[in-house]
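Residue numbers count from 1 along this sequence.
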Amino acid sequence: GNELEGVSVFKSPDRKVGQSRETDVYGYDDERLVIKVPKTGTKVVDSVNTAMSEIRNYEAARELIASLIKANGGRSGVAVKQTAVIHDPKDDRGVSYSRVQEWYQDAKPLAEMGVEILKLPRQSLIDLRSIFTANLQIYREKGAFLDLVGSTTSKRSKPSKIVKHLFPIFYSENIVIDKDDVPRLIDLGSLNNINTDNLATK
């Protein structure tokens with residue numbers, strides 16, 4: 001295989017298309033796929049079993065929010081499916097894995113759209129409302145939530161982070177609008193229990 005940031009992959013991607021604090025995102029033009037690769041020193045777990053458990057938890061969270069989005073009038077496909085690839089560990093640091101998903105090449109995150117969001121077609125606004133309604137339902141029913149805002153590489157003050165999480169419709173990096181004006185929840189993490197430590201910002 002080829003080397004990509006120290007991770008063995010089947011085929012070299014065409015280019016780097018984005019990044020967050022923990023991942024670098026690479027695109028495959030012909031396949032219209034992106035792979036989210038953990039940066040060196042991040043997203044390492046102690047075993048393949050732990051990685052498999054995290055991957056299953058992610059998929060369960062995606063299936064839950066997808067069903068709630070649909071129940072609230074949103075279109076299917078708004079919550080984007082991902083496939084995980086577990087990497088063969090090269091040392092004793094542990095196991096890491098990447099995520100592969102469809103690439104919406106001309107999409108814009110909500111964080112870049114500003115008031116243009118309000119000009120979206122009616123069904124697109126219903127899709128967006130269904131995402132936020134679903135997350136509130138999960139909070140009420142399970143005492144948990146999904147990170148709809150996401151992370152960026154930019155440094156922000158704590159008050160700024162709080163504002164971002166209070167108004168995800170204007171700050172989300174995890175929700176994009178594709179070229180057909182369809183909202184796509186491209187990353188959602190796992191369900192975060194509200195009682196878990198270290199969740200002050202959220």
Side-chain angles (χ1 to χ4, degrees), residues 1-45 48 50-52 54-55 57-59 61-62 65 77-91 93-114 116-117 128 131 146-157 160-161 164-165 168-190 192 201-202:
N2 298 300
E3 290 302 311
L4 176 70
E5 297 291 317
V7 175
S8 179
V9 295
F10 294 111
K11 174 186 172 185
S12 292
D14 296 299
R15 63 185 181 275
K16 184 175 180 179
V17 297
Q19 64 178 333
S20 69
R21 281 196 316 269
E22 294 186 347
T23 61
D24 288 314
V25 185
Y26 298 89
Y28 295 89
D29 287 316
D30 292 343
E31 294 83 4
R32 290 179 42 118
L33 294 173
V34 291
I35 182 168
K36 300 176 178 183
V37 180
K39 291 179 178 177
T40 303
T42 62
K43 290 197 174 181
V44 174
V45 294
V48 171
T50 304
M52 291 295 293
E54 286 188 6
I55 292 163
N57 289 343
Y58 182 96
E59 182 55 23
R62 194 209 65 82
I65 199 163
V78 167
V80 176
K81 291 184 178 181
Q82 293 187 344
T83 299
V85 179
I86 297 176
H87 305 295
D88 187 19
K90 296 192 176 304
D91 51 38
R93 286 189 321 113
V95 176
S96 66
Y97 57 94
S98 299
R99 299 187 186 280
V100 181
Q101 68 183 60
E102 186 173 348
W103 184 9
Y104 300 96
Q105 288 177 299
D106 299 318
K108 277 186 175 181
L110 294 185
E112 290 180 14
M113 293 194 63
E116 293 296 309
I117 294 166
L128 284 173
I131 294 170
L146 297 164
D147 180 10
L148 301 182
V149 174
S151 66
T152 66
T153 54
S154 62
K155 300 285 185 189
R156 290 181 177 268
S157 66
S160 175
K161 289 179 181 178
K164 279 180 62 176
H165 285 85
I169 193 164
F170 293 115
Y171 294 99
S172 177
E173 302 282 347
N174 286 349
I175 302 171
V176 301
I177 306 297
D178 72 14
K179 63 182 176 57
D180 299 314
D181 288 332
V182 178
R184 305 286 184 178
L185 178 54
I186 57 170
D187 203 355
L188 48 83
S190 299
N192 299 297
T201 297
K202 297 179 184 65

In the structure I gave you, are the side-chain heavy atoms of [X] and [Y] within less than 4.5 Å of one another anywhere?
X      : Y      : answer
Pro38  : Ser98  : yes
Val95  : Thr50  : no
Tyr104 : Ile177 : no

**Request:** Specify the closest pair of heavy atoms between Ile175 and Pro183, including all atoms of both residues, with the distance to one decimal.
**Result:** CG2-CB, 4.4 Å

**Request:** Of all the heavy-atom pairs spanning Lys39 and Ser20, show the shortest one and how long it is.
**Result:** NZ-O, 2.8 Å

From [X] [atom1] over to [Y] [atom2], what is the distance, rounded to the nearest 0.5 angstrom?
X      : Y      : atom1 : atom2 : result
Ile55  : Gln82  : CD1   : CD    : 10.5 Å
Asn174 : Ile186 : CG    : CD1   : 6.5 Å
Ile117 : Leu110 : CD1   : CG    : 4.5 Å
Asp178 : Trp103 : CG    : CH2   : 14.5 Å
Ile65  : Leu185 : CD1   : CG    : 5.5 Å
Gln19  : Asp24  : CD    : CG    : 5.5 Å

**Request:** Using side chain to side chain donor-acceptor pair (under 3.5 Å) as the criterion, list what pairs up with Glu112, not counting sequence neighbours.
**Result:** none

**Contacts of Lys81 that satisfy side chain to side chain donor-acceptor pair (under 3.5 Å) - sequence neighbours left out** = none

**Message:** Any carboxylate oxygen within less than 4.0 angstrom of a Lys/Arg side-chain nitrogen, looking at Glu102 and Arg32?
**Reply:** yes

**Request:** Would you mind checking if Lys36 and Asp187 are paired as a salt bridge, meaning a charged N to carboxylate O distance below 4.0 Å?
**Result:** yes

**Other residues, nucleotides, ligands: >12 heavy atoms within 6.0 Å of Lys16 NZ** = yes

**Asked** Okay, side chain of Arg184, backbone of Gly77: is any donor-acceptor separation there less than 3.5 Å?
**Response** yes

**Message:** Any side-chain to backbone donor/acceptor pair from Asp106 onto Lys179? Under 3.5 Å, distance only.
**Reply:** no

**Request:** Quickly, which of Val37, Val85, Val48, Ile86 forms a side chain to side chain contact (heavy atoms under 4.5 Å, CB included) with Tyr97? Name it, please.
**Result:** Ile86

